[in-house]
Amino acid sequence: MTARIAVLASGRGSNLQAILEAIRRGTLDAEVVGVFSDRPAAPALQQVPEPLRWSRRPSGFPDKTAYEDALAQAIDAVRPDWVVCAGYMRILGDALIARFRGRLLNIHPSLLPRYRGLHTHARALEARDADHGASVHFVIPELDAGAVIAQVRVPILADDTPETLAARLLPREHALLVAVLRLAATGALAEQGDITLCHGQPLLNPLLLDSTDRLNP
Ligand code: GRF
């Protein structure tokens, strides 16, 4: 059955675009049933027709709980199988996470558990890491800390800047997210406590995306 995907995005929306392209090409059996943003001006919203867009400024609500209640209700209303944070730049509250736990995913631009939080590219360069990458993980209340499903690695080159490194990683992030969603859409993924089950088996290590965009143990 075609998977119903809700996407949370605050900005550019290139990950959302990758999802939409994969669906259009027929390589991802899914439907984007809503795009949700804390920024009404987010370019990401423009990628879907108006009825699929939801955006509210958190500052228009009495507090974070009220904003997230409204957000959670709007997400629920589109009956998603999966809720994907793709560049959603706010830390989700416990109630919202509990409501969608087990079907709530995030893409983070680092090889978790390295570099939770912001400025991941600069931090990888500062640490003189040999490689960098991105992770797709289940969302839990602790920031960027849930069970990692899959990762992609890119080399760090001698003359890299945070910008060149981010630009090299971005297309690989897109391929990673689409590959994970393909797996999710077939019903192969589940979260059990702090581990990922893939086809019912616990993943001891995250799956790794290869150069042909396949996920391998
Ligand atoms: C990506 O780098 C993603 O990993 C991070 O935020 C960025 C979002 O980019 N969480 P986009 O809005 O999908 O283009």
Side-chain angles (χ1 to χ4, degrees), residues 5-24 28 30 32-48 52-55 58 71 80 82-93 96-97 100 104-125 129 131-156 160-182 184 206-209 213 215:
I5 298 178
V7 176
L8 274 61
S10 299
R12 178 176 59 177
S14 68
N15 278 285
L16 169 61
Q17 193 178 10
I19 295 169
L20 291 166
E21 269 170 25
I23 292 171
R24 203 176 45 233
L28 173 61
V32 172
V33 291
V35 175
F36 301 83
S37 187
D38 56 324
R39 289 187 48 231
L45 288 164
Q46 301 302 319
Q47 299 193 21
V48 291
L52 299 192
R53 299 177 200 156
W54 183 95
S55 65
L71 172 60
W82 294 93
V83 181
V84 181
C85 298
Y88 184 71
M89 298 307 286
R90 278 173 196 276
I91 296 175
L92 295 174
L96 189 140
I97 292 172
F100 299 107
L104 184 55
L105 304 177
N106 181 46
I107 178 149
H108 180 74
S110 82
L111 294 169
L112 290 171
R114 282 189 229 164
Y115 316 126
R116 294 171 180 170
L118 298 173
H119 311 301
T120 56
H121 312 303
R123 288 158 70 196
L125 289 176
D129 289 347
D131 56 7
H132 185 46
S135 307
V136 176
H137 64 93
F138 283 104
V139 175
I140 63 170
E142 196 184 337
L143 183 66
D144 299 330
V148 178
I149 300 163
Q151 297 183 318
V152 64
R153 287 174 183 268
V154 297
I156 292 183
D160 262 333
T161 64
E163 291 72 28
T164 60
L165 183 53
R168 182 171 328 109
L169 180 57
L170 192 64
R172 302 307 294 143
E173 274 186 41
H174 298 159
L176 177 70
L177 183 57
V178 168
V180 170
L181 289 176
R182 209 175 280 135
L207 300 169
L208 199 59
L209 190 78
D213 293 349
L215 289 172

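For reference, positions follow the sequence shown, starting with 1. In each ligand, atom 1 is the first atom listed, and ligand 1 is the first ligand listed. Quantities reported herein were computed from a predicted structural model and do not represent experimental measurements.
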Legend entry - Identity and separation of the nearest protein heavy atom to atom 10 (N) of ligand 1: Ile107 O, 3.0 Å
Inset, instruction - Please confirm whether His108 comes within less than 3.5 Å of ligand 1 when only nitrogen or oxygen atoms on both sides are compared. - result: no
Inset, instruction - List the atom of Arg39, the atom of Gly11, and the distance in Å for their closest heavy-atom pair. - result: NH1-CA, 3.8 Å
Legend entry - For ligand 1, the portion of Glu173 having any non-hydrogen atom under 4.0 Å away: side chain
Legend entry - Ala9 to ligand 1, any heavy atom closer than 4.0 Å: no
Inset, instruction - Determine whether Phe138 and Leu105 make a side-chain contact, defined as any pair of heavy atoms from C-beta on separated by less than 4.5 Å. - result: yes
Inset, instruction - Apply the side chain to side chain contact (heavy atoms under 4.5 Å, CB included) test between Asn106 and each candidate in Val139, Leu177, Ile140; give the one that qualifies. - result: Val139
Inset, instruction - Decide yes or no on side chain to side chain contact (heavy atoms under 4.5 Å, CB included) for Val48 and Leu20, but give the supporting numbers first. - result: CA-CA 9 Å; Val48 291; Leu20 291 166; 4.2 Å; yes
Legend entry - Protein contact to atom 11 (P) of ligand 1 [nearest heavy atom, distance to 0.1 Å]: Ser14 N, 3.4 Å
Legend entry - Gly11 N/O to ligand 1 N/O under 3.5 Å: no
Inset, instruction - Using distance alone, determine whether Leu170 and ligand 1 share an N or O pair under 3.5 Å. - result: no
Legend entry - The one among Gly13, Ser10, Gly87 that brings a heavy atom closest to atom 6 (O) of ligand 1: Gly87
Inset, instruction - Look at ligand 1 and say whether Pro109 reaches it with a heavy atom at a distance under 4.0 Å. - result: yes
Legend entry - Test item: side-chain donor near acceptor, His108 and Thr120, under 3.5 Å: no
Legend entry - Any N/O pair Arg12/ligand 1 closer than 3.5 Å: yes
Legend entry - Exercise: identify the closest heavy-atom pair between Leu28 and Val178: CD1-O, 4.3 Å
Inset, instruction - Give the C-alpha distance, both sets of side-chain angles, the deciding distance and a yes or no for side chain to side chain contact (heavy atoms under 4.5 Å, CB included) between Arg182 and Asp213. - result: CA-CA 11 Å; Arg182 209 175 280 135; Asp213 293 349; 5.7 Å; no
